[in-house]
Engineer: 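So that we are looking at the same thing, I have put the structure below in structure tokens.
These values consider heavy atoms only, across backbone and side chains, with no hydrogens, waters or symmetry-generated copies.
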Amino acid sequence: MTTGGAMRAGAARAGAARLLGPALLAGVLATGCAGGSSAAEAPSPSPATTPPEVLCTRIVTHWAREVLDSDTYGDYQSMGLSNGQYEILRGVVDAARAEKESRGADAAEELIDRQARAGCAGLYRSGGPGKGPWR
């Protein structure tokens, strides 16, 4: 019976070791994770945001160049434009078409950049477009 009892004790130790291994691993992982979020660490800086007038200028100049040589505009929603941005786009394209006829393509490109920037700066001058959700 001594050998039988010894086997049972050995089996019990082996079983305990099997349970202890995952428990130790979980403890190490939890400690490692908790250590990375201590209050003593400085928070990471937020990424810089692009001002809305800059985003507006980018999208209006993009679409102005796309539609400059075509007869039609797309639907402002399919272009990802607000109503106010679409109004700027239409004015910019009309002026760029006239500029292209009189002074050439390079002058039209410069006009697109200038007028889109000015129109978007005006649209966002007070911090955002008008009160309507579509502006």
Engineer: What about Leu111 and Val67, same hydrophobic cluster or not, with Ile/Leu/Val/Met/Phe/Trp/Tyr joined at side-chain heavy-atom distances under 4.5 Å?
Structural biologist: no
Engineer: Which atom names give the shortest non-hydrogen contact between Ala108 and Lys100, and what distance separates them?
Structural biologist: CB-CB, 3.8 Å
Engineer: To the nearest 0.5 Å, how far apart are CD in Glu87 and OG in Ser82?
Structural biologist: 9.5 Å
Engineer: Can you name the closest pair of heavy atoms from Leu123 and Gly84 and give their distance?
Structural biologist: CD2-C, 4.1 Å
Engineer: Among Val93, Leu68, Val60, find the residue that satisfies the side-chain contact (heavy atoms from CB on, under 4.5 Å) test when tested with Ile112.
Structural biologist: Leu68
Engineer: Keeping to residues at least two apart or across chains, list the salt bridge (charged side-chain N to carboxylate O under 4.0 Å, His left out) pairs with something in residues 105-119.
Structural biologist: Arg65-Glu109, Arg65-Asp113
Engineer: Rounded to the nearest 0.5 Å, what's the gap from CD on Gln115 to SG on Cys120? Could you check?
Structural biologist: 11.5 Å
Engineer: Working to the nearest 0.5 angstrom, can you tell me the gap between Ile88 CD1 and Thr61 OG1?
Structural biologist: 11.5 Å
Engineer: Within this structure, what is the CG-CD distance for the pair Leu55 and Gln85, rounded to the nearest 0.5 Å?
Structural biologist: 9.0 Å
Engineer: Which pairs pass ring pair (Phe, Tyr, Trp, His ring centres under 6.0 Å) with one or both residues in residues 79-113, sequence neighbours excluded?
Structural biologist: Tyr76-Tyr86
Engineer: With no hydrogens and no angle check, is any side-chain donor or acceptor of Trp63 less than 3.5 Å from a backbone partner on Leu89?
Structural biologist: no
